[in-house]
Number of protein chains: 2
Amino acid sequence: MSQATVSAVINGRAASSRIPAETERLVKDTIRELGYAANPAARSLKGKGNRLLGVHTFEAVFPISSRDFYHGFLIGVEEQAVAEGYDLVLFTSTEDDNGERRLYRDGTNRLNVADGSVLLGITHDHSDVARLSRDGYPFVHIGRRAVSGADIAWVSADYTAGTRDAVQDLIDAGHTRIGYLGLTDRTEPLADREAGYRAACAAAGIPPLPVLMNPHDLEQEWFDLAIGSGITAFVAEEESLTDRIAAFAAHRALRIPADLSVVTLRDTSGGPYPGTPWSSLGIPRNAIGRAAVRLLVETLHEPDTPRPRQLLLACAPPAPSTVAAPPTRQGVS
Amino acid sequence: MSQATVSAVINGRAASSRIPAETERLVKDTIRELGYAANPAARSLKGKGNRLLGVHTFEAVFPISSRDFYHGFLIGVEEQAVAEGYDLVLFTSTEDDNGERRLYRDGTNRLNVADGSVLLGITHDHSDVARLSRDGYPFVHIGRRAVSGADIAWVSADYTAGTRDAVQDLIDAGHTRIGYLGLTDRTEPLADREAGYRAACAAAGIPPLPVLMNPHDLEQEWFDLAIGSGITAFVAEEESLTDRIAAFAAHRALRIPADLSVVTLRDTSGGPYPGTPWSSLGIPRNAIGRAAVRLLVETLHEPDTPRPRQLLLACAPPAPSTVAAPPTRQGVS
DNA sequence: ATGAAAGCGCTAACAA
DNA sequence: TTGTTAGCGCTTTCAT
């Protein structure tokens, strides 16, 4: 009984290697008795992979801790990893001295310990991702990421369609002047939302009214002007923005949604009043996480099979909690 | 410039290998330029370790998902792993056909991919753990685990002292007949709690009144008997048990804690009434998780340094929400 | 049907 | 100061 025989048995190649059933049983029994366990490092050195999937978050978060934007994705990633029989590596150690999470550090690409990785989070430094792609390392990004010169695999919510439909609903409800509130930081997912807004406006022939500002720069004066100009609904990229609106509206005794409709484009638990959650675009985090892992594993198993490398998953439409028909204008009706 | 030179530079042995600073810079620059990354499988084959710490949960839970008993431990584990510069492997794939999570499966000990592992959860099958210990694999168990013939490293809350003190507080409040409610399943952590209860009773010279039953076997009749026998306080191992007590007490119009004091020995978010949480023993989950990783990493770095391999961390004493002085008996005062 | 041997990419001892 | 070389434990091809 040689090394080769044992290897064949362990790898289920007993039959194809024409090893007699008796020998196979003997090997298995001996393995059990001795407590032998194949060294994963050695087999992975031989190019067999180690059934490890990495998870890398660009922002410095503890992936496990719950109250986090990324947590929902992670659950999906984990569920699918279990289903595929992979274990998960949480890359938590990749923070460099500047507090940024890097993929490469002093020559060692940490991700390499895993057969493939799921990347999530925003980074403005696309160079690491580009390099990863150049190096041929298998990865899937959660969230659309455009990196010039590289065909990045990603899975994202369809923010464009989701926003378009949400704005369309406002239009259907009778709104004709709909404000769009965006952050100054234009990452892909935010640009997608804005594009959806513009598409809906264009289709309905109403004017796009986008404002890109950081929440703390928004002033009551700006709000009063907007309302004065006839805006009856706001669509905002984030809760931090809608929260400002809620405050401004309260100052002017405007009720949400009776006097003003508000939709946020990232799902939240908060709302303008206790018990009233914001109407918000639902992000299918779990499904995205699962899809990312599925895509990654497929790529790992059959690298050469052509397959779509970018996946868009539909958003859940906003509940109508802070959306209503525009108020009937006094003196107009 | 040879392989050895590069290796020395990467491993920070440039100085000790007396490699000129110029060569070192050249190597580093080239590394950066080429995007070279040392193969972690190969270095770990060479016995260098791969800075991966495993996390294995015996119960079939998704380690990441939050509302879980284990989540608090996991956060601690993760925080300390980050601090020590290790990445985490979540072993999610170790479920066998019977739905049990095994350490060994068809000859391959999955844990071996990580330099060491943190184990958590209850298993009645100690054989895997015993074998792991015999094989010399470095691991730390979260929760006390007694495995005959093996000196298991573990970190646990000091349930014995915590329970003792909690019962002592009841005694100090004037209770002299204190019921103990336990599950029929006697795992180490539960046995520890019971021991603490018995110790407090013995010290105060009051009778220990333990009852071991599953929640659904507890009947109103039993409760009435207990109250009739003069019991004025219950200490229970779990919320499922105190919930039964709350129901029984409600049937007899007994108020908690005015008529009956109740303490649970595992922290919970629930309580007998909305807004009233159970007085419960606080488990320092985060600290336990951190301590486990610290112990594991110490063992990894200095296997031969003698150190305590079992750690007990103090519990937080119960808040007084469902604890009060016993009612003054009618006709006695 | 089984065994011998090469080599995966690295590290470290040693030779030059 | 740098290069050569022998493994680490496994898989796999080829010879027996």
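Small disclaimer: the values here were computed from a predicted structure and weren't measured. Residue numbers begin at 1 in each chain, while the letters A, B, ... track the order of the sequences.
Two end axes, each from the C1' atoms of five base pairs, can be drawn for the helix from dA1(C)-dT16(D) to dA16(C)-dT1(D); they diverge by 50°, to 10 degrees.
Going from atom CD1 of I10(A) over to atom P of dG9(D) covers 14 Å, rounded to whole Å. As rounded to whole Å, 9 Å separates atom C1' of dA12(C) from atom NZ of K48(B).
When distances run from any side-chain atom of A4(B) to the nucleotides dG3(C), dA1(C), dT4(D), the shortest one goes to dT4(D).
Not a single salt bridge (charged side-chain N to carboxylate O under 4.0 Å, His left out) links D115(A) to another residue, sequence neighbours left out. Taking D192(A) as the reference, R144(A) meet the side chain to side chain donor-acceptor pair (under 3.5 Å) condition, with sequence neighbours excluded. Applying the side-chain contact (heavy atoms from CB on, under 4.5 Å) criterion to S44(A), with sequence neighbours excluded, gives N50(A), A41(B). Legend: residues meeting salt bridge (charged side-chain N to carboxylate O under 4.0 Å, His left out) with E302(B), ordered by chain and number and at least two apart, are R307(B). Not counting sequence neighbours, the partners of D29(B) by the salt bridge (charged side-chain N to carboxylate O under 4.0 Å, His left out) test are R25(B). Here K28(A) pairs with E24(A) under the salt bridge (charged side-chain N to carboxylate O under 4.0 Å, His left out) rule; sequence neighbours left out.
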List the atom pairs, donor and acceptor, that lie under 3.5 Å between side-chain atoms in residues 146-159 of chain A and the rest of the protein, sequence neighbours left out.
| residue | atom | partner | partner atom | Å |
| --- | --- | --- | --- | --- |
| D151(A) | OD1 | Q310(A) | NE2 | 3.1 |
| D151(A) | OD2 | R309(A) | NE | 2.9 |
| D158(A) | OD1 | A161(A) | N | 3.1 |

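For the 3.5 Å distance criterion, the side chains of Y137(A) and S117(A) qualify, holding a donor opposite an acceptor.
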Grab the N/O contacts between the protein and nucleotides 7-10 of chain C below 3.5 Å, and write none if there aren't any.
| residue | atom | partner | partner atom | Å |
| --- | --- | --- | --- | --- |
| dG7(C) | N2 | K46(A) | NZ | 2.9 |
| dG7(C) | N3 | K46(A) | NZ | 3.2 |
| dC10(C) | OP1 | Y36(B) | OH | 2.6 |
| dC10(C) | OP1 | N39(B) | N | 2.8 |
| dC10(C) | OP2 | Y36(B) | OH | 3.2 |

